[in-house]
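The structure appears right after this line, and notes come after that.
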Amino acid sequence: MSLVLFNDLTRKKEEFIPIKPGQVSFYSCGPTVYDYFHIGNARPFIVFDVLRRWLEHEGYNVKFVQNFTDIDDKMIHRAHKENITVQELAERFINEYNKDADSLGIKRPDVAPRATEHIQEIINTISRIIANGHAYESNGDVYFDVKSWPKYGTLCKQNLEDLESGARVEPGEKKRDPLDFALWKAEKPGEPSWESPWGKGRPGWHIECSAMSSKYLGENIDIHSGGVDLMFPHHENEAAQSEAASNSGKPFVNYWLHNGFLLIDSEKMSKSLGNFMTARAALEKYNPLALRFFMLSAHYRSPINFTPESLEQAESGVMRLRNCLSDLDFAAENRVNDSSNFDVKEFDAKLKDFHAKFADSMNDDFNTAAAIGILFDVVHLINTSLKENETLPSEFFKLAKKYLLEYDNILGIIGDVESDSESDEINALIQERTQARKAKNFARSDEIRDLLKSRGIILEDTPQGTKWKREI
RNA sequence: GGCGGUAUAGCCAAGCGGUAAGGCAGAGGACUGCAAAUCCUUUAUCCCCAGUUCGAUUCUGGGUGCCGCCUCCA
C-alpha cells in the first residue's frame with residue numbers, strides 16, 4: 001500500500017505523489033518565539049516529526065523546513081513588557097524552543113529560518129505580488145488585494161461574501177477591502193523596522209512563510225502542515241501570496257495537512273480559562289515518552305483531550321513497551337541458547353506480517369494510533385515467546401530487538417533502557433538483597449527494594465535473577 | 001449566520017458494508033517468600049430515528065450532544 005494523505009485542499013485522502021520522485025519538500029509552521037511553547041503547540045511539532053520520520057523511513061529524501069516567527073505584534077508587546085529588544089526576546093525563546101523540542105525527541109528541522117533574517121526575500125516577494133497586480137501600497141502599508149485573487153477561499157472552502165461578513169478592520173488600517181490583509185506594515189514608533197520600497201516598516205505575519213518556503217523549497221512544495229486553526233487565515237493567505245508572487249499557475253502546496261486541536265479537560269486551552277500549560281510545565285510533570293505516546297495515540301486530525309488520566313494511561317502504555325525491551329535485554333544476557341528448538345522462522349514470519357500491517361497503518365493517512373496497536377501486538381508476541389521458552393536462540397533476540405528499535409525510531413515512544421552510571425551501586429544493593437533472600441531475611445530484602453523504589457528503581461525477581469529498571 | 005469536525009466498553013482509541021484492533025483501569029487464575037513484570041481468562045444492543053442493502057457501527061436522510069474555524073491562537 002502506498003502512502004495516502006488526507007489533503008485539506010480537496011478534503012479527501014489522496015495518494016502521495018512527490019513532485020520529484022524520492023524527494024519530499026515539507027514546510028511546517030513553527031512557533032512565534034515570544035514565550036515558551038505550550039502543550040497544544042507541541043502536537044503539530046510531534047505528529048509532523050513522526051510523519052517526517054516515516055517518510056524518511058520509507059526512503060524519501062525529505063527536506064524539512066520549520067520557521068521561527070521572530071517579528072510580529074506578540075513579539076513586540078512581549079519585548080516591550082520585558083524591557084528587552086525583540087531580537088533578545090527571539091534569541092531567548094528560540095533557545096528555549098530547542099530545549100523543549102529536544103526533550104520531546106523532536107528532530108531538528110533541516111532548515112529553521114527566521115523571518116528577520118529574510119527581510120530581503122520578503123520584500124522581493126511583496127514586490128512581485130505588487131508587480132503582478134495583486135497587492136497595493138497604501139500610506140506605507142502594503143495589502144494583498146483579495147478581490148483580485150479568484151482562488152481566495154479555496155483552502156478554507158469559504159466564499160468571499162461569507163468571509164466578508166466576518167471580516168473586521170482594525171482602526172488605523174488603510175485597506176481597500178476588509179478582507180485584504182497586510183503584507184507590509186508601516187513603521188510605528190518604538191517598533192523594529194527595515195527599509196523597503198514603501199518606506200520603513202516590517203513584514204506582515206503570513207508573508208514570511210511564503211518568502212522562506214519558496215527560498216528553501218521552491219515555489220511548488222509537496223507538504224505544508226500546521227494546526228487546523230491556521231487553515232484560515234494563515235494558510236489561505238500564504239497560498240494566495242505565494243501563488244500571486246510566482247504567477248506560474250502552479251499550486252503553492254500539493255498536500256495541506258492540518259492537525260486537530262488539543263483540548264485541556266475538554267476545553268480549548270486559554271490563559272483566561274486558567275487551563276494553559278506550557279510544554280515545559282508538562283515535561284516537568286510527565287515523561288516525554290508519555291507525552292509523545294499521548295499525542296500519537298489518536299489520529300492526528302482528531303481532537304485530543306489532555307487530562308491527567310490520559311497522560312497516566314500513556315505512561316502505563318509506555319512502561320509496557322519499555323518492559324518488553326528491558327525484559328528482552330535481560331533475557332539476552334541469561335537465556336541464549338542457539339540449539340533451542342524455538343521456531344525462529346515462524347517468529348520471523350509473524351514479525352514480517354506485523355511489519356506489513358504497521359506500514360499499512362502509517363501509509364493510511366499516517367494512522368499512528370493503529371500503528372501503536374500493531375506495536376503492542378509485536379510486544380505481546382515477544383512477551384509470549386519469552387514466557388513460553390526457557391532458552392531462545394540469539395536470532396530471536398536479534399530479530400525482536402531489530403523490529404522494536406525500528407518502530408521506535410519512527411515513533412519515539414519506547415526510548416533507551418540501557419543501564420547508566422549508577423548501575424554499579426544499584427547492582428551492589430541487588431547483590432546484598434540476593435544474599436538476604438537466600439538467608440530468608442525478607443525484611444532486609446524488602447527494605448532494599450523499597451529504598452531503590454524511592455529512588456525510582458523497580459526490582460523484578462526472575463528465575464534468572466533480579467533485574468531492575470527505572471520508573472519513567 | 002457561514003464553513004467544518006466528531007459521537008465506538010469504566011477511561012483512551014483504531015476500524016468504516018459481512019455482526020467490533022490495541023492500550024489503560026477492574027475481576028479471576030498462573031508465576032512469586034511477598035511483590036513487580038509477564039502470561040491465561042473476563043468486560044461493547046458501536047448516540048437516536050428512518051431509509052438503502054441479503055446484510056450497517058460502517059452508506060443516505062433527519063434528529064440530538066460535544067467541539068473547532070470565520071484576521072494574526074498550533
Side-chain angles (χ1 to χ4, degrees), chain A residues 8 11 28-32 37-45 47-48 69 72-74 153 156-159 161-170 173 178-182 204-206 225-234 236-237 258-263 266-271 293-294 297-299 301-305 307 309-321 323-324 326-327 330 357 361 364 367-377 379-380 382-384 386-388 437 440-442 445-446 449-450 453 458-463 466-469:
Chain A
D8 279 304
R11 297 258 163 84
S28 197
C29 280
T32 301
F37 69 89
H38 59 66
I39 191 65
N41 294 314
R43 167 123 97 147
F45 300 151
V47 299
F48 295 119
T69 298
D72 81 333
D73 289 344
K74 289 196 298 287
C156 65
K157 309 281 183 279
Q158 299 269 350
N159 60 49
E161 293 73 52
D162 291 329
L163 285 170
E164 191 99 33
S165 67
R168 60 172 182 254
V169 181
E170 298 294 328
E173 287 188 296
L179 282 177
D180 293 350
F181 55 91
W205 174 36
H206 318 291
S225 65
V228 265
D229 54 329
L230 292 185
M231 199 175 331
F232 189 87
H234 185 53
E236 189 73 53
N237 291 355
H258 293 96
N259 63 277
F261 237 75
L262 178 140
L263 306 173
S266 305
E267 283 179 309
K268 182 171 174 171
M269 174 165 35
S270 76
K271 284 185 174 161
F293 185 102
F294 165 72
S297 66
H299 188 92
R301 282 189 284 112
S302 309
I304 50 171
N305 195 15
T307 63
E309 296 73 37
S310 53
L311 266 293
E312 280 156 24
Q313 290 184 186
E315 281 187 339
S316 300
V318 168
M319 275 316 292
R320 182 168 165 83
L321 300 173
N323 286 339
C324 179
S326 67
D327 285 352
F330 189 75
K357 286 180 176 155
S361 299
D364 182 12
N367 190 341
T368 53
I372 289 174
I374 307 300
L375 177 54
F376 277 105
D377 288 336
V379 163
H380 186 247
I382 293 170
N383 285 339
T384 308
L386 284 170
K387 184 83 175 177
E388 287 171 354
R437 290 180 73 218
K440 305 256 186 250
N441 182 356
F442 297 120
S445 160
D446 291 349
R449 188 164 63 192
D450 291 344
K453 174 90 165 67
I458 310 285
L459 298 189
E460 293 171 9
D461 297 323
T462 78
T466 302
K467 75 182 276 275
W468 66 273
K469 66 185 184 195

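Small disclaimer: the values here were computed from a predicted structure and weren't measured.
- Comment: A/Lys453 does not engage A/Asp450 in a salt bridge, judged by the lack of any side-chain N to carboxylate O separation of less than 4.0 angstrom.
- Applying the ring pair (Phe, Tyr, Trp, His ring centres under 6.0 Å) rule to A/Phe293 yields no partners; only residues at least two apart in sequence or on another chain are considered.
- Partners of A/Ser361 according to the side chain to side chain donor-acceptor pair (under 3.5 Å) rule, which considers only residues two or more places apart in sequence or in another chain, do not exist here.
- No side-chain N or O of A/His380 forms a donor-acceptor pair with one of A/Asn383 less than 3.5 Å apart.
- The residue A/Phe261 sits close to a base: some heavy atom pair falls under 4.0 Å.
- With rounding to whole Å, A/Asp461 atom CG is found 12 Å from B/A35 atom P.
- Residue A/Lys157 is in sugar-phosphate contact alone, with no base atom involved, counting any heavy-atom pair closer than 4.0 Å across all strands shown.
- For B/G18 and B/A13, the P atoms lie 24 Å apart once the distance is rounded to whole Å.
- Under the Watson-Crick or G-U wobble criterion, with both distances below 3.5 Å, B/A44 is left unpaired in every strand shown.
- Atom CG in A/Leu230 sits roughly 12 Å away from atom P in B/C72 (whole-Å rounding).
- Across the C1' atoms, B/A36 and B/G4 are found 48 Å apart, a figure rounded to whole Å.
- Counting only heavy atoms from C-beta on, A/Asp446 has its side chain closest to B/G33 among B/U38, B/G33, B/C72.
- Between the P atoms of B/G55 and B/A50, the separation comes to 15 Å (whole Å).
- Across all strands shown, A/Leu386 has no heavy atoms under 4.0 Å from either base or sugar-phosphate atoms.
- Regarding A/Asn441, its CG atom lies at a distance of 14 Å from the C1' atom of B/C34, rounded to whole Å.
- Comparing B/G68 with B/A74, their C1' atoms are spaced 13 Å from each other, to the whole Å.
- Both distances falling under 3.5 Å, in either a Watson-Crick or a G-U wobble arrangement, place B/A7 opposite B/U64.
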Can you build the contact string for nucleotides 14-25 of chain B? Use B for base contact, S for sugar-phosphate-only contact, and - for no protein heavy atom under 4.0 Å. SS-----BSBBS
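- We find that CG of A/Asp8 is positioned 14 Å from C1' of B/A74, with the value rounded to whole Å.
- Among the protein residues, A/Gly40 comes within range of the nucleic acid bases, having at least one heavy atom under 4.0 Å from a base atom.
- Salt-bridge formation is detected for the pair A/Asp461/A/Arg437: a Lys NZ or Arg NE/NH1/NH2 atom is positioned less than 4.0 Å from an Asp or Glu carboxylate oxygen.
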Could you pull out every donor-acceptor pair under 3.5 Å between side chains of residues 310-317 of chain A and any protein atom, sequence neighbours left out?
unit_1, atom_1, unit_2, atom_2, d
A/Ser310, OG, A/Asn305, O, 3.2
A/Ser310, OG, A/Thr307, N, 3.0
A/Ser310, OG, A/Thr307, O, 2.9
A/Ser310, OG, A/Thr307, OG1, 3.0
A/Glu315, OE2, A/Asn287, N, 3.4
A/Ser316, OG, A/Glu312, O, 3.2

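- A/Asn367 places a side-chain N or O within donor-acceptor distance of the main-chain N or O of A/Ala370, the cut-off being under 3.5 Å.
- We find that CE of A/Met231 is positioned 17 Å from P of B/C72, with the value rounded to whole Å.
- Using Watson-Crick or G-U wobble geometry with both donor-acceptor distances under 3.5 Å, B/U38 finds its partner in B/A30.
- At the heavy-atom level, A/Lys469 lies under 4.0 Å from the strands shown only through sugar-phosphate atoms.
- Every residue two or more places apart in sequence or in another chain that forms a side chain to side chain donor-acceptor pair (under 3.5 Å) with A/Asn323 is listed here: A/Lys469.
- For A/His299, there are no ring pair (Phe, Tyr, Trp, His ring centres under 6.0 Å) partners, not counting sequence neighbours.
- Checking B/U71, B/C72, B/C73 against every side-chain atom of A/His38, the shortest atom distance belongs to B/C73.
- Between A/Asn383 and B/C39, a side-chain N or O to OP1/OP2 separation shorter than 4.0 Å is present.
- Checking the phosphate oxygens (OP1, OP2) of B/A74, a side-chain nitrogen or oxygen of A/Asn41 falls inside 4.0 Å.
- As rounded to whole Å, 9 Å separates atom P of B/G5 from atom CZ of A/Arg301.
- Taking for each of A/Lys440 and A/Asp73 the nucleotide of RNA chain B with the nearest heavy atom, the 5'-most of the two is the partner of A/Lys440.
- The side chain of A/Phe442 has B/G33 as its nearest neighbour among B/C72, B/A30, B/G33.
- Judged by distance alone, with hydrogens and angles left aside, A/Arg449 brings no side-chain donor or acceptor close enough to the base of B/A36 to form a pair under 3.5 Å.
- Here the separation of B/C47 from B/U53, taken at their P atoms, is 23 Å to the nearest Å.
- Nucleotide B/U19 is matched to nothing when pairs are restricted to Watson-Crick or G-U wobble geometry with both distances under 3.5 angstrom.
- We find that CG of A/Asn259 is positioned 16 Å from P of B/G5, with the value rounded to whole Å.
- Of the P atoms belonging to B/C72 and B/G51, the separation is 48 Å, rounded to the nearest Å.
- Nucleotides B/A7 and B/C59 are separated by 10 Å at their P atoms, to the nearest Å.
- Nucleotide B/G1 forms a pair with B/C70, judged by Watson-Crick or G-U wobble geometry with both contacts under 3.5 Å.
- Atoms CZ and CZ, from A/Arg43 and A/Phe294 in turn, are 7.5 Å apart once rounded to the nearest 0.5 Å.
- Applying the Watson-Crick and G-U wobble criteria (two distances, each under 3.5 Å), B/G55 pairs with nothing in any strand.
- Of the side-chain N and O atoms in A/Lys74, one or more sit less than 4.0 angstrom from OP1 or OP2 of B/C73.
- Regarding A/Leu263, its CG atom lies at a distance of 12 Å from the P atom of B/C12, rounded to whole Å.
- Between A/Trp205 and A/Ile304, it is A/Ile304 whose nearest contact on RNA chain B lies nearer the 5' terminus.
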